[in-house]
Amino acid sequence: MTQASICTIGDEILIGQIIDTNSSHISLALNKLGIKVTRMLSIGDDLDTIVNSLEGELLKNDIVIVTGGLGPTKDDITKNALARLSGSQSYVTDERQLEIIHNILSARGLDVLDINLAQASVPDKCEVIPNKLGTAPVMVFRFEEERFGHPAALYSLPGVPFEALGALDDILDDIRLHNNISDIYHRTIMTYGVAESALSKMIEEWEDSLPSDIHLAYLPNQLTGVRLRLSIYGGIREEEEARIEAETARLKAILGNIIYSDREDTLQGCIGRLLSGCGKTLSAAESCTGGTISELITSVPGSSGYYLGSVTSYANEIKTKVLGVPEEIIAEYGAVSRECVAAMAEGVRKLTGSDFSVATSGIAGPGGGSADKPVGLVWIGVSSDKGTETFQTIFKGDRKRNMERFAATALNYLRVKLVNELNH
């Protein structure tokens, strides 16, 4: 199977000054193409380190993709490192990139400086894929089998994400042309409501029975739950799909409603499909989540077709005056209570005229907790004309993490109610 390594170059990544988003996008694209990414590596701005690190990656991989270090300033030394690595003796000007440089700078009303023109100068042993979106070209270096024990190719991309990802299709086309690529097939199963360790225990027997060439990964996320990713590397795609489909069916029989999707998905996306498929509407009343639920729901394209709106009722006065929560409920039980959250859910449903509603009231922290109502406690209410249900959960985390888990858990309880009521 064709294997690849992705390397980023620049001290700015190592010191945390910028976040490397290029590697994740490139890795996804390579996996879809059928190339297994074995490693991601960040390398500092030192010429010897760059050369030695890239030699090591080329020894172990068929393809190495490098981003960064190709700007016009003196601290960008990737090109010099690649010249040494490839054994280039001189630099040549790529006329196609030179023309692009002139056009870009002219369109911006900028003078064309020598430092800009130098970006079209490349080591003599590289091939150039013109960068249509920027001034630094994509450089391709091909190595014969005797150099690293196998044929290998290195692709050097600009570090600017807009430019790197803009050139990715051209690079993938070149990789297809020069490599015999086998299939990789991934299947993602989305779960929510069971912690990773408990989930592992539930499916232990199923996991132990998986064929040796089917790989399982657990990928937890507080907003989407635990993703289970099944992967087969190599083989024939149609056969891989059929085998993983059979394993997915076995898994669904074990987990039931814990699974909310058998593809890459989100809780809010699942909720949107359920509502839009039946022409039903939704509203929210949020206290401790501070609008997080509304933000998640409206992140789904087309949510305006089913989401009517929300009330962020942080103050008790808003709970009583806008949502109609009786003052005596708050006086007797408090705002963080089963009784209050039920009244909030029913109040916002009445206020907006929605078919379904979800409400939250809790203590996100770091202060505000007590022995009876600790930090991390949340009450969730979900309501429809068939009744209102409430749920209590306690999490342990910082304020942001608690708010996100409150919101995701509320969406999951809403999802379960929608499935139970809309499918019957």
Residues Arg250, Glu247: salt bridge by 4.0 Å N-O rule = yes

For the atom pair OH (Tyr218) and OG (Ser200), what is the distance rounded to the nearest 0.5 Å?
-> 3.5 Å

Test salt bridge (charged side-chain N to carboxylate O under 4.0 Å, His left out) applied to Lys36 and Asp62, step by step = CA-CA 10 Å; Lys36 184 176 181 179; Asp62 307 291; over 6 Å; no

Counting distance only, does the side-chain N/O of Thr67 pair as donor-acceptor with the main-chain N or O of Ser23 below 3.5 Å?
-> no

So OH of Tyr233 and CD1 of Ile35: to nearest 0.5 Å the spacing works out to 13.0 Å

In this structure, OG1 of Thr248 is separated from CZ of Arg263 (nearest 0.5 Å) by 14.0 Å

Check the side chains of Ser303 and Thr298 for a donor-acceptor pair under 3.5 angstrom, ignoring hydrogens and angles.
-> no

Salt bridge (charged side-chain N to carboxylate O under 4.0 Å, His left out) assessment of Lys417 paired with Glu421 = CA-CA 6 Å; Lys417 186 173 181 68; Glu421 294 190 11; 2.6 Å; yes

For Asn412 and Arg415, test the side chains for any donor-to-acceptor distance below 3.5 angstrom and give the result as yes or no.
-> yes

Measure the shortest side-chain to side-chain distance between Tyr307 and Ser294 over non-hydrogen atoms and say whether it is less than 4.5 angstrom.
-> yes

Do other residues, nucleotides or ligands put more than 12 heavy atoms under 6.0 Å from the CD1 atom of Ile19?
-> no

Mind checking whether Cys288 and Val378 have side chains closer than 4.5 Å, heavy atoms only?
-> yes

Would you sort out whether Glu286 and Thr312 count as a side chain to side chain donor-acceptor pair (under 3.5 Å), showing the intermediate values?
-> CA-CA 5 Å; Glu286 301 187 62; Thr312 304; 5.2 Å; no

Do any N or O atoms from the side chain of Asn61 and from the backbone of Ile63 form a donor-acceptor pair under 3.5 angstrom?
-> no

Any side-chain heavy atom of Leu255 sitting closer than 4.5 Å to one from Val194?
-> no

Salt bridge or not for Arg187 and Glu241, using N-O below 4.0 Å?
-> no

Show your reasoning for whether side-chain contact (heavy atoms from CB on, under 4.5 Å) applies to Val416 and Asn420.
-> CA-CA 6 Å; Val416 173; Asn420 290 339; 3.5 Å; yes

Stepwise side chain to side chain donor-acceptor pair (under 3.5 Å) check, Thr409 with Thr393 | CA-CA 9 Å; Thr409 303; Thr393 306; 5.6 Å; no

Short side-chain to backbone donor-acceptor contact, Gln97 and Asn131, under 3.5 Å = yes

Tell me, do Ile65 and Leu157 make a side-chain contact under 4.5 Å, heavy atoms counted?
-> yes

Indicate yes or no for a side-chain donor-acceptor contact from Asp20 to the backbone of Asn22 under 3.5 Å, with no hydrogens or angles considered.
-> yes

For atom CG of Asn180, is the number of surrounding heavy atoms from other residues, nucleotides or ligands below 6.0 Å larger than 12?
-> no

With a 4.5 Å heavy-atom cut-off, do Val341 and Ile380 have their side chains touching?
-> no

Test log, rule salt bridge (charged side-chain N to carboxylate O under 4.0 Å, His left out), inputs Asp355 and Lys386 | CA-CA 10 Å; Asp355 298 299; Lys386 294 184 180 180; over 6 Å; no

Pair Ser261-Cys270, side-chain contact (heavy atoms from CB on, under 4.5 Å): steps then yes or no = CA-CA 7 Å; Ser261 183; Cys270 177; 5.6 Å; no

Closest non-hydrogen atom pair, Val348 against Ala284 | CG2-O, 3.4 Å

Note: Lys201-Glu196 ion pair, threshold 4.0 Å (strictly below) = no

Would you check if Leu154 and Leu82 make a side-chain contact, meaning some heavy-atom pair closer than 4.5 Å?
-> yes

If you look at every heavy atom in Ser383 and Ala345, which pair is closest and at what distance?
-> CB-CB, 3.9 Å

Nearest heavy-atom neighbours spanning Leu267 and Ala408 | CD1-O, 3.4 Å

Does CD belonging to Glu295 count more than 12 external heavy atoms closer than 6.0 Å?
-> no

Carefully, step by step, assess Arg401 and Gln222 under the rule side-chain contact (heavy atoms from CB on, under 4.5 Å).
-> CA-CA 8 Å; Arg401 182 174 174 83; Gln222 61 201 37; 2.3 Å; yes

Determine yes or no for a side-chain-to-main-chain donor-acceptor pair under 3.5 angstrom, with Asn402 supplying the side chain and Gly397 the backbone.
-> yes

Main-chain N/O of Cys340 paired with Ser337 side-chain donor or acceptor, under 3.5 Å | yes

Atom CG in Leu251, atom CD1 in Ile244: separation rounded to 0.5 Å?
-> 12.0 Å

Do Thr8 and Ser42 have side-chain atoms, one donor and one acceptor, less than 3.5 Å apart?
-> yes

Nearest heavy atoms of Ala335 and Ile330, plus distance in Å = N-CG2, 4.2 Å

Distance, nearest 0.5 Å, that separates NZ of Lys79 from CD1 of Ile50 = 13.5 Å

Distance-only polar pair, side chains of Thr390 and Arg338, donor-acceptor under 3.5 Å | yes

Taking the side chain as every heavy atom from C-beta outward, state whether Ile258 and Met202 have any atom pair closer than 4.5 Å.
-> yes

Worked verdict on Thr266 versus Thr224 for side chain to side chain donor-acceptor pair (under 3.5 Å) = CA-CA 6 Å; Thr266 61; Thr224 57; over 6 Å; no

Atom CG in Leu47, atom CG in Asn52: separation rounded to 0.5 Å?
-> 9.5 Å

Shortest non-hydrogen contact from Lys319 toward Ser287 | NZ-OG, 3.1 Å

Are the charged groups of Asp265 and Arg273 less than 4.0 angstrom apart, N to O?
-> yes

Can a donor-acceptor pair be found between the side chains of Ser231 and His186 at a distance below 3.5 Å?
-> yes

Would you please classify the geometry between the Phe148 ring and the His150 ring as parallel, tilted or perpendicular, with 30° and 60° separating the classes?
-> tilted

Please examine the side chains of Val382 and Phe391, heavy atoms only from C-beta on, and report whether any two atoms are closer than 4.5 Å.
-> yes

State whether a side-chain donor-acceptor pair under 3.5 Å links Ser354 with Arg349.
-> no

Hey, mind stepping through Thr38 and Lys60 against side chain to side chain donor-acceptor pair (under 3.5 Å) and telling me if it holds?
-> CA-CA 9 Å; Thr38 63; Lys60 300 172 186 175; over 6 Å; no

Going by an N to O cut-off under 4.0 Å, is there a salt bridge joining Glu239 and Arg243?
-> no

List the atom of Val325, the atom of Thr320, and the distance in Å for their closest heavy-atom pair.
-> O-CG2, 3.2 Å

Does Ser24 offer a backbone N or O that forms a donor-acceptor pair with the side chain of Ser27 under 3.5 Å?
-> no

Do other residues, nucleotides or ligands put more than 12 heavy atoms under 6.0 Å from the NZ atom of Lys280?
-> no

